[in-house]
Amino acid sequence: MEANIIKIGNSKGIIVPQNILKQANLSEKVVLEIMDNGLMILPKHTKARQGWAEKFSLLASKEKSSREKLPFIANSFDKTEWEW
């Protein structure tokens, strides 16, 4: 498919037909990536909690290494048995 580049205010753009947007799963936001001789338009996924697992994993690995560097410091609360 071909499209014309048109002037839109101080910028330029293309008009993408609705059926192409649906097929490519493009909606409100997109990610633009410059390639060697072109431009790639990808859907921006904005699902709640997307990417959290990777970020928590990274944080956990950093915290574990920090805890290993610190000695355990006991206090009087740790010396008594808890009663429920």
Side-chain angles (χ1 to χ4, degrees):
M1 171 181 195
E2 290 185 9
N4 292 323
I5 297 177
I6 58 174
K7 186 170 174 53
I8 303 174
N10 290 332
S11 299
K12 294 190 177 189
I14 60 170
I15 296 175
V16 182
Q18 187 68 29
N19 64 336
I20 299 292
L21 292 172
K22 285 182 182 178
Q23 288 178 17
N25 194 27
L26 300 176
S27 58
E28 297 290 319
K29 294 198 177 227
V30 296
V31 176
L32 303 176
E33 290 187 17
I34 298 172
M35 300 182 67
D36 289 336
N37 58 340
L39 177 68
M40 183 182 294
I41 304 172
L42 302 167
K44 177 166 173 87
H45 300 289
T46 56
K47 293 180 181 177
R49 301 181 187 106
Q50 182 176 3
W52 283 22
E54 295 85 10
K55 290 179 183 175
F56 278 123
S57 177
L58 179 62
L59 180 64
S61 66
K62 286 182 180 179
E63 185 169 321
K64 182 179 178 183
S65 65
S66 296
R67 276 185 285 160
E68 289 170 353
K69 294 175 187 174
L70 295 174
F72 178 73
I73 301 172
N75 58 34
S76 61
F77 184 76
D78 294 323
K79 293 178 183 177
T80 60
E81 194 66 31
W82 292 12
E83 287 187 28
W84 297 93

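Note: hydrogens, waters and symmetry copies are ignored here, and every other heavy atom, side chains too, is used. Count residues from 1 along the sequence.
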**Message:** Do Val16 and Val31 land in one hydrophobic cluster if side-chain heavy atoms of ILVMFWY residues count as linked below 4.5 Å?
**Reply:**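 No, no single cluster joins them.
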What do you reckon, is [atom1] of [X] surrounded by more than 12 foreign heavy atoms closer than 6.0 Å?
{"X": "Ile6", "atom1": "CD1", "answer": "yes"}
{"X": "Leu32", "atom1": "CG", "answer": "yes"}
{"X": "Lys12", "atom1": "NZ", "answer": "no"}

**Prompt:** Looking at CG of Asn19 and CE of Met1, how far apart are the two atoms once the value is rounded to the nearest 0.5 Å?
**Reply:**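 Atom-to-atom, Asn19:CG and Met1:CE are 7.0 Å apart.
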**Request:** Drop me the distance from Ile14's CD1 to Asn4's CG, to the nearest 0.5 angstrom.
**Result:**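 Ile14 CD1 to Asn4 CG: 10.0 Å, rounded to 0.5 Å.
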**Message:** Tell me every residue that passes side-chain contact (heavy atoms from CB on, under 4.5 Å) with Met35, counting only those two or more places apart in sequence or in another chain.
**Reply:**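 Met35 satisfies side-chain contact (heavy atoms from CB on, under 4.5 Å) with Met40 only.
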**Item:** Those residues that, when tested against Leu26, pass side-chain contact (heavy atoms from CB on, under 4.5 Å) (two or more places apart)
**Value:**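 Applying side-chain contact (heavy atoms from CB on, under 4.5 Å) to Leu26 gives Leu21, Ala24, Val30, Ile41, Pro43.
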**Request:** Return the minimal non-hydrogen interatomic distance between Ile15 and Ala3, and the atom names on each side.
**Result:**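 That would be O-CB, 4.5 Å.
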**Message:** Between Lys55 and Ser57 (side chain of the first, backbone of the second, donor and acceptor by atom type, cut-off under 3.5 Å), is there such a pair?
**Reply:**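 Such a contact is absent between Lys55 side chain and Ser57 backbone.
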